[in-house]
Enquirer: 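Following this message is one structure expressed as structure tokens.
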Amino acid sequence: MSQDVFMRRARELAERGRYTAAPNPLVGAVVVRDGGIIGEGWHARAGREHAEVVALDAAGSAARGAELFVTLEPCNHQGKTPPCTDAVLRAGIGRVVAGHLDPNPKMRGRSMELLREAGVAVEVLDDGSFARQNEQFLHLMTTGRPFVHLKLASSLDGRISASGGESKWITGEAARRRAHELRAEAGAVLVGAGTARFDDPLLTPRDLPEAAPPVLRVVLDPHLTLSPQSRLVETVGADPVLVFSGEDADAATGRCCAGAAWRS
Ligand SMILES: NC(=O)C1=CN([C@@H]2O[C@H](COP(=O)(O)OP(=O)(O)OC[C@H]3O[C@@H](n4cnc5c(N)ncnc54)[C@H](OP(=O)(O)O)[C@@H]3O)[C@@H](O)[C@H]2O)C=CC1
Ligand SMILES: Nc1c(N[C@@H]2O[C@H](COP(=O)(O)O)[C@@H](O)[C@H]2O)[nH]c(=O)[nH]c1=O
């Protein structure tokens with residue numbers, strides 16, 4: 001089997017963290033010996049084992065002299081988990097192929113250099129598909145700002161709703177499913193007060209093949225018009241709601257949206 005096949009498999013494994021890994025990157029890894037995969041891993045969530053460590057553990061002592069294919073440059077520092085470069089060296093891996101370098105200031109190629117100096121053969125593919133898979137993490141690391149998806153459904157004449165504010169689905173089934181996927185991988189879903197009032201939306205990720213973690217639902221509501229009878233407030237026990245109000249908003253109104261966090 002070729003290197004491409006192993007890297008494709010690593011990228012597939014990384015996808016399994018799509019709804020849970022943030023703010024960490026998506027990472028997948030495979031350990032290969034004599035042309036066959038002997039260990040696989042992916043990063044599920046912050047604080048849990050990194051993909052390389054899961055794959056190396058699965059390979060066990062057979063990892064000595066084997067190759068490691070990983071979508072992102074391994075880490076070299078003690079964070080919530082120990083450095084992956086240590087685990088790679090301890091396992092006796094002979095060659096490491098990484099999909100792209102980690103822009104985290106602690107890495108930026110330093111891990112690959114460290115491995116090379118320790119006698120491991122290293123290669124960075126820099127194939128755009130690996131960076132694209134991690135575009136949200138790369139954006140956060142390089143700008144310090146969150147990655148924002150603007151999602152809007154537009155009619156052929158460029159409108160987003162009827163003139164009276166009444167809402168009708170503009171998009172079809174496939175686009176709505178994609179919108180739910182985007183909600184599932186987001187840290188927060190944000191709308192204005194008008195949308196909350198006219199549409200009475202839920203803003204949850206739903207009807208996906210796998211369960212999505214709860215998402216923070218945010219309403220920009222300068223005059224605190226969000227109704228306590230709205231579906232957002234009524235479902236606050238399942239998925240949290242954060243309301244941003246203006247400074248002159250009525251505190252008593254804010255408190256009546258029981259359960260919704262409230263910031264002015
Ligand atoms: N087709 C689509 O994809 C979508 C369509 N819609 C449709 O849009 C319509 C609602 O639109 P509309 O009411 O115009 O807009 P919004 O939903 O944005 O609501 C406007 C309100 O939100 C406040 N607000 C909005 N942005 C900010 C901000 N950045 N900071 C502080 N306050 C903010 C406004 O404050 P202020 O009063 O100070 O101006 C105003 O009170 C509905 O009919 C809905 O169906 C909504 C979402 C998606
Ligand atoms: N009209 C429209 C959208 N509208 C958005 O979806 C919200 C309703 O979400 P929910 O109550 O969770 O189903 C609504 O308030 C608005 O933000 N989305 C789309 O994908 N296609 C559409 O045609």
Side-chain angles (χ1 to χ4, degrees), residues 15-23 26 45 132-133 135-136 139-140 142-264:
E15 267 314 302
R16 297 187 184 178
R18 174 66 66 185
Y19 299 159
T20 52
L26 301 182
R45 62 178 73 242
R132 240 185 338 272
Q133 184 178 45
E135 65 181 336
Q136 304 175 7
H139 179 78
L140 178 65
T142 52
T143 67
R145 296 168 69 92
F147 185 93
V148 177
H149 262 118
L150 171 65
K151 193 273 322 167
L152 71 86
S154 163
S155 56
L156 279 175
D157 61 353
R159 310 301 162 130
I160 60 164
S161 74
S163 54
E166 67 273 19
S167 188
K168 287 224 162 59
W169 290 118
I170 297 171
T171 49
E173 194 66 20
R176 290 219 296 278
R177 197 172 324 114
R178 180 70 190 126
H180 280 262
E181 285 171 5
L182 291 176
R183 288 176 180 184
E185 65 183 80
V189 177
L190 183 150
V191 294
T195 299
R197 187 165 59 252
F198 289 120
D199 295 358
D200 194 16
L202 269 177
L203 305 178
T204 51
R206 305 191 293 281
D207 305 327
L208 295 165
E210 59 182 291
V215 67
L216 177 64
R217 299 169 297 164
V218 182
V219 186
L220 301 179
D221 190 8
H223 313 295
L224 270 182
T225 55
L226 183 65
S227 162
Q229 279 79 45
S230 63
R231 294 202 296 165
L232 282 170
V233 175
E234 278 177 353
T235 57
V236 80
D239 294 76
V241 177
L242 176 60
V243 179
F244 284 95
S245 71
E247 279 177 0
D248 55 349
D250 174 8
T253 318
R255 277 192 286 273
C256 84
C257 292
W262 169 51
R263 304 261 186 289
S264 62

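Atoms within a ligand are numbered from 1 in the order they appear, just like the ligands themselves.
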Enquirer: For Leu202, check side chain to side chain contact (heavy atoms under 4.5 Å, CB included) against everything at least two apart and list the hits.
Expert: Thr204, Arg206, Arg217, Arg231, Thr235
Enquirer: Do Gln229 and Glu234 have side-chain atoms, one donor and one acceptor, less than 3.5 Å apart?
Expert: no
Enquirer: Would you mind finding which of Asp221, Leu220, Ile170 brings a heavy atom closest to atom 26 (N) of ligand 1?
Expert: Leu220
Enquirer: Could you list the atoms of ligand 2 found under 4.0 angstrom from a heavy atom of Thr195?
Expert: 15 (O), 17 (O)
Enquirer: Within a distance under 4.0 Å of any heavy atom of Leu152, pick out the atoms of ligand 1 and give their elements.
Expert: 3 (O)
Enquirer: Do any nitrogen or oxygen atoms of Arg176 lie less than 3.5 angstrom from nitrogen or oxygen atoms of ligand 2?
Expert: no
Enquirer: Relative to ligand 1, is Ser161 under 4.0 angstrom through side chain, backbone, both or neither, heavy atoms considered?
Expert: side chain
Enquirer: In chain order, what residues pass the salt bridge (charged side-chain N to carboxylate O under 4.0 Å, His left out) check against Arg197, with sequence neighbours excluded?
Expert: none
Enquirer: If the cut-off is 4.0 Å to any non-hydrogen atom of His223, which atoms of ligand 1 fall inside it?
Expert: 37 (O)
Enquirer: Could you name the option among Gly246, Gly194, Ser245, Pro222 that has the heavy atom nearest to atom 41 (O) of ligand 1?
Expert: Pro222
Enquirer: Are any of the N or O atoms of Phe198 closer than 3.5 Å to those of ligand 1?
Expert: no
Enquirer: I need the atoms of ligand 2 closer than 4.0 Å to a non-hydrogen atom of Leu202, numbered in the order shown.
Expert: 10 (P), 11 (O), 12 (O)
Enquirer: Specify side chain, backbone, both or neither for Thr171, according to which of its non-hydrogen atoms lie closer than 4.0 Å to ligand 2.
Expert: both
Enquirer: Tell me, please: is Asp199 in heavy-atom contact with ligand 1, that is, under 4.0 Å?
Expert: yes
Enquirer: Return the option from Pro201, Ala179, Pro205, Ser155 holding the heavy atom at the smallest distance from atom 8 (C) of ligand 2.
Expert: Pro201
Enquirer: Would you say Trp169 and ligand 2 have an N/O pair spaced under 3.5 Å apart?
Expert: no
Enquirer: May I ask you to test the Val218-Val189 pair for a side-chain heavy-atom distance under 4.5 Å?
Expert: no
Enquirer: Using a 3.5 Å cut-off on N or O atoms only, is His180 in polar contact with ligand 2?
Expert: no
Enquirer: Which residue from Ile160, Thr195, Leu150 reaches closest to atom 4 (C) of ligand 1 through any of its heavy atoms?
Expert: Ile160
Enquirer: Is the shortest side-chain heavy-atom distance between Glu185 and Gln136 below 4.5 Å?
Expert: yes
Enquirer: Less than 3.5 Å between some nitrogen or oxygen of Ala175 and one of ligand 2, yes or no?
Expert: no
Enquirer: Would you call Arg132 and Glu135 a salt bridge, taking side-chain N to carboxylate O under 4.0 Å as the test?
Expert: no
Enquirer: Asp221 and Thr225: side chain to side chain donor-acceptor pair (under 3.5 Å), yes or no, with the steps?
Expert: CA-CA 7 Å; Asp221 190 8; Thr225 55; 2.9 Å; yes
Enquirer: Looking only at distance, does Asp200 have an N or O less than 3.5 Å from an N or O of ligand 2?
Expert: no
Enquirer: Where the closest heavy atom to atom 14 (C) of ligand 2 is concerned, which of Asp199, Leu203, Leu190, Thr204 has it?
Expert: Asp199
Enquirer: Report, in ascending order of atom number, the atoms of ligand 2 lying under 4.0 Å from any heavy atom of Arg231.
Expert: 11 (O)
